[in-house]
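When a ligand or atom number is given, it counts from 1 through the structure's own listing order.
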Amino acid sequence: MENLFPIKIENYIDGKWVPSTNLKTYQRENPANPEEIVIIAPNSTEQDTNNAVEAAQAAFTEWSRTPAPKRADVLYRFAEQLHAERELIAQIITKEQGKPLNEALGEINKTISEIRFTAGEATRLDGQTLPSERQGIEIKTKRVPKGVIAAISPWNFPIVTPLRKIAPALAAGNTVVFKPASITAGTGAKIVELFERAGLPKGVLNLVIGSGREVGTPLSVHPLVKGVTFTGSTGVGSTIYRRAAEKLIPVQLEMGGKNAGVIYDYNDIKGAVDQITSAAFAATGQRCTSISRIVVQRSAVDDVVSYLKDKCAAYVIGDGMDPETTLGPVVSKDHLETIDEYVQIGVKEGARLVQGGKRIESQTNGYFFEPTVFTDVSPDMRIAKEEIFGPVLTITPVDSFEEAIQIANDVEYGLASSCFTNSMEYAEQFVNQVQTGMIHINNGTISESHVPFGGLKNSAVGAYSIGVTAKDFFTDLKVVYSASK
Ligand code: NAP
Ligand code: MG
């Protein structure tokens, strides 16, 4: 196969591919083989960001007046392009993000289903008609696009997360400035290239590549930006929220998680562990919906540990381009070090390390870390409270179902949770009392392509993405009173 890498990418502003105005670039390495440079990207500045916002503002009037079903056609064409290019894009994702090729393909397929749903949403931008207190008056509500939307995305799902922002924004008639995570900008550029091929008019979607500080900050405070949709860490999300509050603009923030899988009165411990293992270690644990804590009745702990050890031992850790690989590297050297530090913290706190816990030496010096399991984890330990965002799973034994729910809720986050139980009563209690936006009974934390996605507490702010809820962020409401004469 011809080697495509490194790929040199540029910004896309007002329908043109351009370098950053300072002509500076940075390089992204392959996390499985850091000596290999895979992407060379512009290191953009506030000037580039302002140019992009102005282009998006200039394109807004015409795009917002384009009939919604025509806007949907562009999204359907984009989905076709993405399907046609999926093998190549999966390679780019694997090379710059690290996940195994088949996980990258899975992410692309999910993106295609979400885009198809979202294109349909363009034709369902409905309002209400309401009776009036007066004769001869008709009242209706109407959804209208907001204007320029800033879309800021993380590196763990480099294709599905940006499109959860860009697609509903475009469907509703907004224009967009997109800032991908610096370390997965190659996939970001590909997204924009496919929209160009799908016939999106110039200026409607603009791409600015650069750091959070040099591009993310000026983008989120720009006076022409009418809404910020952000996925990433709770720290950055909270900064964006404060800035938006000063400008009085809405935000859609999707942030961290510390998701619990509860097992209580369940007759298929092995089945539960199978589902939790994939929820814990897919994307090497770098998913906001990863299960990172198991909360289990004391009598089942030994079975859980023994099944988990088997599952962990079966992972083939390596370069995601190798079809045998089932667990890729973590995303960066810094992140590898953070995960390593958390494991040391867990040991110091007195948790019992029963599986993994070490970096893996490889010939390429890739950022590999073993799937890791701690048991005897008490709920006040840092490893039980803080988002590690790596292949680390904790086990906390409990003596009652009430205690299980209390521990599941005893974290700052509230994104997703799972409960494995044969008791209808416990299942109902879980649904009523657990403080998470998404709840899974007797299954792992996989979300579907047409269903609202979001969280409670410090995991999210604003309308849920995907599903029927996305348009609540991407449109404003007008109320119209019409007299017949
Ligand atoms: P991050 O550090 O918060 O970065 C997210 C994005 O924000 C990146 O594009 C980043 O740019 C940019 N950014 C950084 N500082 C900024 C600032 N001051 N102003 C504006 N933008 C700024 O998060 P990450 O490390 O990429 O991703 C991991 C986090 O994302 C985890 O906490 C995870 O739970 C969360 N996440 C949540 C969901 C969800 O749906 N709830 C989904 C996926 C991930 P640079 O790349 O240039 O730094
Ligand atoms: Mg970061």
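Comparing Phe389, Tyr26, Phe453, Phe230 by heavy-atom distance to atom 7 (O) of ligand 1, the nearest is Phe230. The option with the heavy atom closest to atom 6 (C) of ligand 1, from among Gly216, Gly232, Ser153, is Ser153.
Geometrically, Arg124 engages Phe117 in a cation-pi contact, judged by NZ or CZ lying under 6.0 Å from the ring centre and within 45° of the ring axis. Phe157 carries Lys99 over the face of its six-membered ring, with the cationic atom under 6.0 Å from the centre and within 45° of the normal. A cation-pi geometry, defined here as NZ or CZ lying under 6.0 Å from the six-membered ring centre and within 45° of its normal, holds between Lys146 and Phe473.
The shortest distance between side-chain heavy atoms of Phe369 and Ile317 does not fall below 4.5 Å. Inter-residue side-chain proximity for Asn109 and Arg86 is flagged as met; some heavy-atom pair is nearer than 4.5 Å.
Geometrically, ligand 1 and Thr234 share no nitrogen or oxygen pair separated by less than 3.5 Å. Of the polar atoms of Met255, at least one N or O is found under 3.5 Å from an N or O of ligand 1, judged by distance alone.
Under a 4.0 angstrom heavy-atom cut-off, Ala460 registers as lying outside contact with ligand 1. Residue contact annotation: Thr239 has no non-hydrogen atom under 4.0 Å from ligand 1. Ligand 1 lies less than 4.0 angstrom from a heavy atom belonging to Trp155. Within the 4.0 Å heavy-atom cutoff, Gly454 does not count among the residues contacting ligand 1.
For ligand 1 and Ser211, the ligand atoms under 4.0 Å from any heavy atom of the residue are 47 (O). For ligand 1, the atoms closer than 4.0 angstrom to any heavy atom of Gly210 are 47 (O). Of all the atoms in ligand 1, the ones that sit under 4.0 Å from a non-hydrogen atom of Asn156 are 43 (C), 44 (C). Within ligand 1, counting atoms from 1 as listed, the ones closer than 4.0 Å to a heavy atom of Pro180 are 9 (O). Proximity to Pro154 (heavy-atom distance under 4.0 Å) selects the following atoms of ligand 1: 26 (O), 27 (O), 43 (C), 44 (C). The contact set between ligand 1 and Ala181, taken as ligand atoms under 4.0 Å from a residue heavy atom, comprises 9 (O), 46 (O).
Residue-level proximity to ligand 1 for Glu387 is carried by the side chain, the only part with a heavy atom below 4.0 angstrom. With a 4.0 Å cut-off on non-hydrogen atoms, Thr217 touches ligand 1 through its backbone as well as its side chain. Under 4.0 angstrom from ligand 1, the non-hydrogen atoms of Thr231 come from both its backbone and its side chain. Contact annotation for Arg243 and ligand 1: only side-chain heavy atoms (C-beta onward) come within less than 4.0 Å of the ligand.
Side chains of Thr229 and Lys165: a donor-acceptor N/O pair is present below 3.5 angstrom, by distance only. Neither side chain, Asp334 nor Ser332, offers a donor N or O lying under 3.5 Å from an acceptor on the other. Checked by atom type, the side-chain pair Asn50/Glu54 shows no donor-acceptor distance below 3.5 Å.
Between atom CG of residue Leu200 and atom CG of residue Leu170 there is a gap of 5.5 Å, rounded to the nearest 0.5 Å.
Within the 3.5 Å criterion, the main-chain N or O of Gly444 finds a donor-acceptor partner in the side chain of Gln275. In terms of modelled atom types and a separation under 3.5 Å, the side chain of Lys385 and the main chain of Asp410 share a donor-acceptor contact.
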